[in-house]
Structures are given as C-alpha cells and as structure tokens.
A.B. asks: 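Just passing along the structure, written as structure tokens.
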Amino acid sequence: MKIIRKLAGCVREYWLWTILAPVLMIGEVAMEVTIPKLIAGFVDHGIGGDDMAFVLRQGGLLVLCACASLCFGAGSCVIGNYASTGFAKNLRHDLFHKVQGFSFANIDKFSTSSIVTRMTTDIQNLQNAFNMMTRMVVRCVFTIVLAVCMAMTISPQLCLVYCVVMPLLLFVLLFVASHVHPIFERVFRTYDRLNNVVQENVRGVRVVKSFVREEEEVKKFNGVSERIYKDFVKAERILAINNPVMQFCSYTCIIVISWMGAHLIIQSGNNDALGLTTGELLSMFTYSTQILSALMMVSMVFVMVVMATAAAKRSVEILDEKIDLVSPAEPVTTVPDGSIDFDNVSFRYSETAPRDSLENVDLHIPSGATVGILGVTGAGKSSLVQLIARLYDATQGTVRVGGVDVKDYDLTVLRDNVAMVLQKNVLFSGTIADNLRWGDPNATDEELRHACRLACADEFIQAFPEGYNTYIEQGGSNVSGGQRQRLCIARALLKKPKILILDDSTSAVDTHTDAMIRQAFASEIPDTTKLIIAQRVASVENADTIVIIENGTILAQGTHDELLKTSEAYQEIYNSQKKGSED
C-alpha cells in the first residue's frame, strides 16, 4: 500500500482523467452486458412471437446500446492513454528531480546504469500497468460482476458453473504470481547490468577498438543478454500455464451450459418454472463468453501487473532515498571569502570501505592563496577538494570555507562560490557558448572571450569556422583532450568564484600553455583561492604552498624551496621529473 500511495502522488493534475477513464469503461461494460438480454427478448418475443413491431423496437435499442458502447469505449481509451502518459511524465519528472538532489554517495549506491533503467524501462512498464489498471482491470471486474448478475436473472442454476470455475482460475493466478514475481525482479537487476555494459562500451569505444577488444566486449554483452533470455524463458514457461487452463475452463463451461441448458429448454416445454427459452440460452452463451474472456484478459493484465510491481518497488526506492547532503533549516547565504580550513578531518566513501580515504587532515589556506597539491594516484587528493564544495561530507572533523562550517551553508550558495574542474572534464551537447554559459547564464560574448583568453582557449575557438557557435558533440568527442580541459577551465572562471579548484585539469595541455594559464590566474584573479592538483612539479612550484599527500594524510607542506630542503618525497618527485626533462 505504501508503494501505491507513493505512486498515486504522481497522478496530480491528471486525477480527473484517471477517474473518468474507468467511469466510461463501466458505461461500455454496462452496454455490453445489456445487449445479450435484449437479444434474448428479440429472439423469444420478436422472432418467436412473429411480432415485427417488437423486432423493430428491440432492434433499435440494440443499435443504440452498440453505439453507446462504442462511444464509451473510445472515450475511455483516449482519456486512459492521456492519464497514463501524464502519470509517466510526472513520475519521470519526480525521479529525475530527486536524482538531481543526490549526493555522489547516493548515486554510488544505485549506480548510473540502474538509475537509467529505472527512468526508462521501469517507467514504461508502470505506464502500461497504469493504463491497464484504469481500463482493462475495471473492464474485467465489472464485466464479470455485471455478467454474472445478468446471468443470475436468467438462470441461477447455470450460474453455479461459474462458482466452480472462478476459484480454480484464481488458484492458478496466485500460483503463477508467487513463482514469476521473483524472476522479474531478477530480470530488472540484470537489465541494470546490461545497461552498464552498453554504456561502458559506447563511452570507451575508442579504447575498445585500439586494443582490438570487440570480440571480448561482444562476449560480455552476450553473457548478460543470455541471462535475461533464460530468465524470461523461465517466466514464460510458468505463464504458459495460464492460457491452457483458461481455454479448458472456457470450453468446459460452454459444454456444461449447453448440456444443462438443453435440459432446461425441454423442461420449459413441460411448463416447468425452472425452464429456459432459446433466447435465454443464447444469452447465457454470450454471458459465458464475456465472463471467460474477462478472465482471460485478467491473466494477461496480471502478467503486466507482476512486472510493474517489481518496477514500482525500484522506482519508489529512488523516491524514498534519503539525500544525505541537504541545506540546513537556517542556512548561511553569504560566503565571506575564500579561506579554507580542514580541522582534523577524516573521510571514507562508505561505511563498508576498508579504510579512510583521508585521515586526521589539518590544513589552513588563507583567502587568495595558491595551493599546489601533489601525490600519487589514490593518495586522497580528489577526496580532499571534494569536501570543500560539499560533494561529500567529512566523516570526522570540520571543513570551513570563509570561517563557516560548510554544513551551515545553503548548498547552492556554497557551490556557486566554489568552481571545480574535475579530473573527468565533461562537455554537453550544444555550442561552445552554451557550454561556457553553464558558468554564468547571463555572460556577454565579451565575457566569454575574456574567460577563454585566460584559459588559453580563445585562439583555437576562433580557428573553428563557426567560432563560439561551434557545436560540441555529446561528451565533447569532437574536440581534443587539451581543448576540452581549457573550455572547462573557462567555464569555471565565468562563475567568478571565491575558490577555484583544478583537479589535474591541465594534464592534457603542453607545459607552455600550462604556464600561461597559471600566469593569467595570478594576474587576473588574485583574490580567488586557487587549489591546483597536478602531477607536474612545474605546475605548482610557484604556488604559495605545496601540499604532499600520501595514503590520505598530509606528508609535508611548504613552499617549493622549503620542500626541496625538508621533504624527501618532494625531492624524489622533483628530481625524477627534472631528470626526465633533461633526458
């Protein structure tokens, strides 16, 4: 019930259509079950009684009922589809809106591929189930109820056949549900894995081709696809029980009703009160067909509902996910300056992580300073800077920006004042200007060019035939790695941040361009605190402070000259790079 209430909240402005669709469907069913009753009178009193006036009158009623049934059914179909697509639109909006508020930890919990599956395949299954629940389920239930009631008015004896058949069918449906539902849950998890394989392959297609790994990737894909195939085949084998059982019950009912009806017609000839007319038997056949067809439809709807149950559970998991990074009730809405303080900070990505990524970090950076951060891969450099913009929360200790605990800031305000260029530089589909204006939607063309000149990007942009209107393909695949890095730096500069973080963001540019970018930073944004994570000593040797991180702890810090005298780790890095440069 909790899941149903949660999903019902996505109906919102479509509630009227959601109610109207089943109401019109009930009208269609009412007309359909009325028609056999009219046919019985048509046969017995009109044709049997040779009453042409009655035939015309009853025929007219039949035509009216048929037309009304058509109108009700068409209206229900149109309105039901409108309501179901609206429900899916709202659910998709709610899921996407919730995901936008996720922290990195929340996203790591579900995985990107799983979120994509939930917002595509799962929602499509829920949309289909919603449509069937508002129309087909209502049709089936009311057809069975009204047809049985009408049949009872004709012959209570023949209705006893339904009392035997329906419990049998219900037992079959419950048996199928208990065995099929776990399979569909497993299938959706496998779909997550399939999406992950496809995403990895498409994103890394250049690497796949350069290492000639196409066959291995095909084998990986086929393996996951084969698991989905086997699960679906297993589920379909169980579901295959439905159809023969339904057909058996349907034909058995017709045979039994035919046999019993023949006896009742004979009794009718003997003036027995329990007798049956020819027209009434014909109506009973029609009601039997309607009831059993409805039961057959229930079995088909049942399959969709079973699939949708698993999809609903997965969708509600996202809606119910507690976002662990939120703004406080009374947030600070102004960042005084770009000073940064780490007070005995420790951090691990999850409770199940084997060790802390950062441990007992004490670091104090004044506003406007330039800080270089060096360390081997996995030392904790990226973990350190991600705490500043509160992409993660420290496990222990306090991180302060402008003298204020980052947990006390409004998240939007904090992140607007901290610009980050991460290791994975991402550009989005659109023009270069569109991508740059992520930093400042209201930036003028001159401001765009100025930021690009600081990032040494203006020159190559102007070389493009369409300049700043050059279209960037998805992921920035039509520009080089160095160009992508410089565009991302320019985008960050447009925010005019109090803190600028470059996480190994100049690794793909040459040393001369790297030096020009650093020189531009020093002259153009002197009041901005700059944190530069780099692999090259040359990128940070002019920094006010250089921090050496190893295994999540600060091994040493100081200026370039101080570290050359006091830090063996820095000496080793410097000498190895100097020797490599000389060679």
Side-chain angles (χ1 to χ4, degrees), residues 334-338 367-372 385 388-389 402 412-423 425-473 476 478-534 538-540 542-544:
T334 302
V335 179
D337 56 53
S367 181
T370 299
V371 177
V385 298
I388 298 172
T412 301
V413 170
L414 175 64
R415 291 173 181 172
D416 269 343
N417 284 274
V418 180
M420 297 188 67
V421 185
L422 300 174
Q423 285 176 311
N425 299 284
V426 177
L427 296 175
F428 297 87
S429 300
T431 65
I432 290 178
D434 291 338
N435 274 274
L436 293 173
R437 285 196 171 95
W438 275 58
D440 180 4
N442 300 315
T444 65
D445 292 343
E446 180 54 38
E447 287 174 327
L448 295 185
R449 287 191 290 270
H450 180 67
C452 288
R453 282 194 291 269
L454 293 180
C456 297
D458 183 65
E459 184 178 354
F460 77 78
I461 294 174
Q462 298 288 7
F464 290 137
E466 298 184 36
Y468 283 81
N469 292 319
T470 300
Y471 189 82
I472 298 293
E473 302 292 343
N478 59 331
V479 292
S480 69
Q483 291 172 337
R484 191 159 55 245
Q485 286 185 337
R486 283 177 276 175
L487 288 172
C488 289
I489 292 172
R491 181 174 63 188
L493 290 173
L494 279 167
K495 292 183 70 173
K496 300 179 177 64
K498 287 186 169 64
I499 299 172
L500 175 63
I501 300 171
L502 304 179
D503 188 353
D504 203 15
S505 303
T506 57
S507 57
V509 302
D510 59 87
T511 54
H512 175 67
T513 302
D514 187 13
M516 291 178 63
I517 293 173
R518 286 185 281 110
Q519 183 178 357
F521 286 171
S523 61
E524 295 288 338
I525 50 172
D527 296 330
T528 298
T529 305
K530 297 166 281 292
L531 278 69
I532 303 172
I533 296 176
S539 297
V540 298
N542 294 322
D544 300 316

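Note: hydrogens, waters and symmetry copies are ignored here, and every other heavy atom, side chains too, is used. Quick caveat, the model's predicted, so the values are computed rather than measured.
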A.B. asks: Side chain of T528, backbone of P497: donor and acceptor closer than 3.5 Å?
C.D. replies: yes

A.B. asks: For the atom pair CG (L414) and NZ (K498), what is the distance rounded to the nearest 0.5 Å?
C.D. replies: 11.0 Å

A.B. asks: Enumerate the ring-ring contact (aromatic ring centres under 6.0 Å, His included) contacts for residues 434-454, please, sequence neighbours excluded, ordered by first and then second residue.
C.D. replies: F428-W438

A.B. asks: Verify the distance criterion only: is there a donor paired with an acceptor across the side chains of Y468 and N435 at less than 3.5 Å?
C.D. replies: no

A.B. asks: Between D544 and V371, is there a donor-acceptor pair closer than 3.5 Å when you use the side chain of the first and the backbone of the second?
C.D. replies: no

A.B. asks: If only atom types and distance count, is the side chain of K530 paired as donor or acceptor with the main-chain N or O of I525 below 3.5 Å?
C.D. replies: yes

A.B. asks: Donor-acceptor check, side chain of R415 to backbone of A389, threshold 3.5 angstrom: yes or no?
C.D. replies: yes

A.B. asks: Between atom CG of L436 and atom CD1 of I461, what is the distance when rounded to the nearest 0.5 Å?
C.D. replies: 6.0 Å

A.B. asks: D337: what forms a side-chain hydrogen bond (donor to acceptor under 3.5 Å, both in side chains) with it, not counting sequence neighbours?
C.D. replies: S339

A.B. asks: Hey, what do you get for CG (L487) to OG (S480), rounding to the nearest 0.5 Å?
C.D. replies: 9.0 Å

A.B. asks: Over all heavy atoms of both residues, which pair between A543 and T370 is shortest? Give the atoms and the distance, please.
C.D. replies: CB-O, 3.5 Å

A.B. asks: Is it the case that atom CD in Q462 sees more than 12 heavy atoms from other parts of the structure closer than 6.0 Å?
C.D. replies: yes

A.B. asks: Can any side-chain N or O of S367 pair as donor or acceptor with the backbone N or O of G338 at less than 3.5 Å?
C.D. replies: yes

A.B. asks: Of the options I489, V385, I533, which is the one that meets L502 in a side-chain contact (heavy atoms from CB on, under 4.5 Å)?
C.D. replies: I489

A.B. asks: Would you say R491's side chain and L427's backbone share a donor-acceptor pair under 3.5 angstrom?
C.D. replies: no

A.B. asks: Please report the shortest heavy-atom distance between D458 and R449, naming the atom on each side.
C.D. replies: OD1-CG, 4.0 Å

A.B. asks: At their closest point, which heavy atom of V540 faces which heavy atom of G372, and how far apart are they?
C.D. replies: CG1-CA, 3.6 Å

A.B. asks: What pair of heavy atoms forms the shortest contact from K495 to A419, and how long is it?
C.D. replies: CD-CB, 4.0 Å

A.B. asks: Can you tell me how far the NZ atom of K496 sits from the CG atom of N417, to the nearest 0.5 Å?
C.D. replies: 12.5 Å

A.B. asks: Please assess E447 against R437 for the test salt bridge (Lys or Arg N to Asp or Glu O under 4.0 Å), listing each intermediate value before the final yes or no.
C.D. replies: CA-CA 10 Å; E447 287 174 327; R437 285 196 171 95; over 6 Å; no

A.B. asks: Taking C-beta and beyond as the side chain, do F521 and L493 meet within less than 4.5 Å on heavy atoms?
C.D. replies: yes

A.B. asks: For T529 and G368, indicate whether the former's side chain and the latter's backbone hold a donor-acceptor pair under 3.5 Å.
C.D. replies: yes

A.B. asks: Taking all atoms of both residues into account, what is the closest heavy-atom pair of A457 and R486, and its distance?
C.D. replies: CB-CB, 4.0 Å

A.B. asks: Any side-chain heavy atom of I472 sitting closer than 4.5 Å to one from R484?
C.D. replies: no

A.B. asks: Search all heavy atoms of I388 against all heavy atoms of L531 and return the closest pair with its distance.
C.D. replies: CD1-CD2, 3.5 Å

